[in-house]
Number of protein chains: 2
Amino acid sequence: MTSRQNHHRVRAERGIPEATVARLPVYLRALTGLQDRGVATVSSEELAAAAGVNSAKLRKDLSHLGSYGTRGVGYEVEYLVYQISRELGLTQDWVVAIIGVGNLGRALAGYGGFASRGFRVAGLLDADESIVGQEISGMTVEHIDRLEDIIAGHGVSIAVIATPAGAAQGVCDRVVAAGVTSVLNFAPVVLSVPDGVDVRKVDLSIELQILAFHEQRKAGGPGDYDPVAGGGAPPGATQYVEA
Amino acid sequence: MTSRQNHHRVRAERGIPEATVARLPVYLRALTGLQDRGVATVSSEELAAAAGVNSAKLRKDLSHLGSYGTRGVGYEVEYLVYQISRELGLTQDWVVAIIGVGNLGRALAGYGGFASRGFRVAGLLDADESIVGQEISGMTVEHIDRLEDIIAGHGVSIAVIATPAGAAQGVCDRVVAAGVTSVLNFAPVVLSVPDGVDVRKVDLSIELQILAFHEQRKAGGPGDYDPVAGGGAPPGATQYVEA
DNA sequence: GCGACTTTGTGCGCGTATTCACAAAGGCTT
DNA sequence: AAGCCTTTGTGAATACGCGCACAAAGTCGC
């Protein structure tokens, strides 16, 4: 049976709730920011403010990792950074392959956030002969035919799919067959994968549509037209985020 | 008061659950795919499969929009496309400005998914003098100084922030002051905005970290214990640098 | 026109997530 | 050493989302 993009996975014995896992990277970023500013300890209230969450939620999230705070004082920044990094698996390197070197693939290849957090790009692959061989961000684009070689050879464990929609499922099947169990999908399709494979999806178009929905509602509900709804203070407006 | 990205639904009278709103674009995409293949009607089971969700969930989601199905038959594709489009506010055009024309901004500017769904890019803006004036995807990059002019002049209602982290909050404050109430943020920071402004965040690095977490667990738990598990000694652990 | 069949729409129970509010725990001052 | 003050960690209440399972509703064949 093929499972679909279901992020509400079963808890393991160690059981960190999925919602918590999704917030840990945010805390981590806030913490490294504090670290850079030389802050040694931080209270849950301060850190929660920096991360944009409720402080009780932050404390409960951190409590799932263990008791790393000191009552009356707060959390030691450096130690917390280490604990969260370890929990997220960032104390080791992860090897990534980017498949599809169009506009987006190029942007991803040049994204600094990869290397800085322990993600190493082992290869850029594309099916287009005119792109293969090009040098991008210091890497040479390989032909998609070499997909299996590269995955096996470099020990790729995360595949980033940035192909056109039509090619995505086929590529996904191949990377999964080659042993990859984590996929980050930028193509606007729902990927089917076997159980045990994680897929996360990033979709610009969907995000815009969700924004449009709320924007429309601020402007007066479905059917009403007024895209230039700026300025005003919408009553009972909503706040969202999250990805 | 400045609310951050914690969020909670303040249900309006019309009250479509946020979880449902987030799925509507997925259904819409599946439906247009069916439409292209000439399918006239579809059952909840089929559509759910195409969208990668449970069929009961699909039916419940659609029931929030009204009763657009026929028992014993299914849903008329064309009609459903229209209803969802209308609910999402896609029957009107939304004017978008992209701020920050680096690798990512360029990719976004060239992204076909904009126009196809009623999102019109009214401007590309950047602070870098060497980029201003360049022609990208048929548009000329404007200087960030013209931000307010462009927002007002074109009736921009959605701002896409693709700047470096350090510049994001400042840009956000400016677009909000200029009347924009919907922001799509690609910068790796938590933006603070006044109530009534929606922020959605897309963060590659966070997605990768979540995948890493699950990948690590599959590999045998957050172990790989470091002998130096001591308190203040974050060993040669990964060093984090803000992108 | 009628019965069998298909598919929707939804009531209900369950598990997860969020938030409040407070007792327990530790540091700091005197 | 004792008491005060701050902040953590968590019990409990609430809200939310999911999916099963089924009755209601409509179609289709005869």
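Below, chains carry the letters A, B, ... as their sequence lines are ordered, and counting in each starts from 1.
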**Student:** Measure NE2/B:His64 against P/D:dC16 and give the value in whole Å, please.
**Tutor:**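 One finds 12 Å between P of D:dC16 and NE2 of B:His64, rounded.
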**Student:** For B:Ala56, answer base if it contacts any base atom (sugar-phosphate contacts may also be present), sugar-phosphate if it contacts only those atoms, and nothing otherwise; contact means non-hydrogen atoms under 4.0 Å.
**Tutor:**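 B:Ala56: base contact, heavy atoms under 4.0 Å.
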**Student:** Taking only the side-chain heavy atoms of B:Ala19 (C-beta and beyond), determine which of D:dG19, D:dC18, C:dG9 contains the nearest atom.
**Tutor:**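 Per side-chain heavy atoms of B:Ala19, the pick is D:dC18.
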**Student:** Taking the minimum atom-to-atom distance to the side chain of A:Arg71, which one of D:dT8, C:dT8, C:dT18 wins?
**Tutor:**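 Output: D:dT8.
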**Student:** Is there a side-chain contact between B:Ser67 and the phosphate of C:dG9, meaning an N or O under 4.0 Å from OP1 or OP2?
**Tutor:**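 Affirmative; the distance criterion is met.
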**Student:** By nearest atom, which of the nucleotides D:dC20, C:dG9, C:dA17 is closest to the B:Asn54 side chain?
**Tutor:**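 Minimum distance to the B:Asn54 side chain belongs to D:dC20.
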**Student:** How long is the line joining CG of A:Leu58 and P of D:dT10, in whole Å?
**Tutor:**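 My rounded result for the distance is 14 Å.
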**Student:** Can you confirm whether or not the ring centre of B:Tyr68 sits under 6.0 Å from the ring centre of B:Tyr79?
**Tutor:**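 Ring centroids of B:Tyr68 and B:Tyr79 are less than 6.0 Å from each other.
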**Student:** Find the distance A:Glu45:CD to D:dG9:P and express it as a whole number of Å.
**Tutor:**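 Distance check: A:Glu45 CD to D:dG9 P gives 14 Å.
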**Student:** In terms of side-chain heavy atoms of B:Lys57, which of D:dG19, D:dG9, C:dA17 is nearest?
**Tutor:**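 Nearest to the side-chain atoms of B:Lys57, counting from C-beta on, is D:dG19.
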**Student:** Please state how far atom CG in A:Leu65 lies from atom C1' in D:dG9, giving the value in whole angstrom units.
**Tutor:**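 Those two atoms, CG and C1', are 13 Å apart.
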**Student:** Grab the CZ-P distance between A:Arg23 and C:dT16 for me, whole Å please.
**Tutor:**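 That distance rounds to 15 Å.
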**Student:** Rounded to the nearest angstrom, tell me the gap between atom CD in B:Glu46 and atom P in C:dT6.
**Tutor:**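 To the nearest whole Å, that distance equals 14 Å.
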**Student:** List the steps, then state whether side-chain hydrogen bond (donor to acceptor under 3.5 Å, both in side chains) holds for B:Thr41 with B:Glu76.
**Tutor:** CA-CA 4 Å; B:Thr41 61; B:Glu76 191 191 345; over 6 Å; no
**Student:** Mind checking B:Ser55 for me? I need base, sugar-phosphate or nothing, with any heavy atom below 4.0 Å counting as a touch.
**Tutor:**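 Nothing, no heavy atom under 4.0 Å.
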**Student:** I need the single residue from B:Asp203, B:Val189, B:Val190 that forms a side chain to side chain contact (heavy atoms under 4.5 Å, CB included) with A:Arg29. Which is it?
**Tutor:**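 Testing A:Arg29 for a side chain to side chain contact (heavy atoms under 4.5 Å, CB included) against B:Asp203, B:Val189, B:Val190 leaves exactly one candidate, B:Asp203.
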**Student:** Go through D:dT27, D:dC22, C:dA17 for me and flag the one nearest to the B:Val73 side chain.
**Tutor:**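 Of all the options, the side chain of B:Val73 is nearest to D:dT27.
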**Student:** Is there a side-chain contact between B:Phe119 and B:Leu90, using heavy atoms and a 4.5 Å cut-off?
**Tutor:**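 In contact.
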**Student:** How is A:Thr20 classified with respect to the nucleic acid when contacts are heavy atoms under 4.0 Å: base, sugar-phosphate, or nothing?
**Tutor:**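 No contact.
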**Student:** So which atom in B:Ala30 and which in B:Leu47 form the shortest heavy-atom distance, rounded to 0.1 Å?
**Tutor:**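 It is CB-CD1, 3.8 Å.
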**Student:** Using whole Å, report how far CZ of A:Arg59 lies from P of C:dA24.
**Tutor:**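 My rounded result for the distance is 16 Å.
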**Student:** For the side chain of A:Ser43, counting heavy atoms from C-beta on, which of C:dT18, D:dT7, D:dG9 is nearest?
**Tutor:**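 My answer, after comparing the listed nucleotides, is D:dT7.
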**Student:** Looking only at the side chain of A:Lys60 (C-beta and beyond, no hydrogens), which of the listed nucleotides D:dT10, D:dG19, C:dT10 gets closest?
**Tutor:**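 Nearest nucleotide to the side chain: D:dT10.
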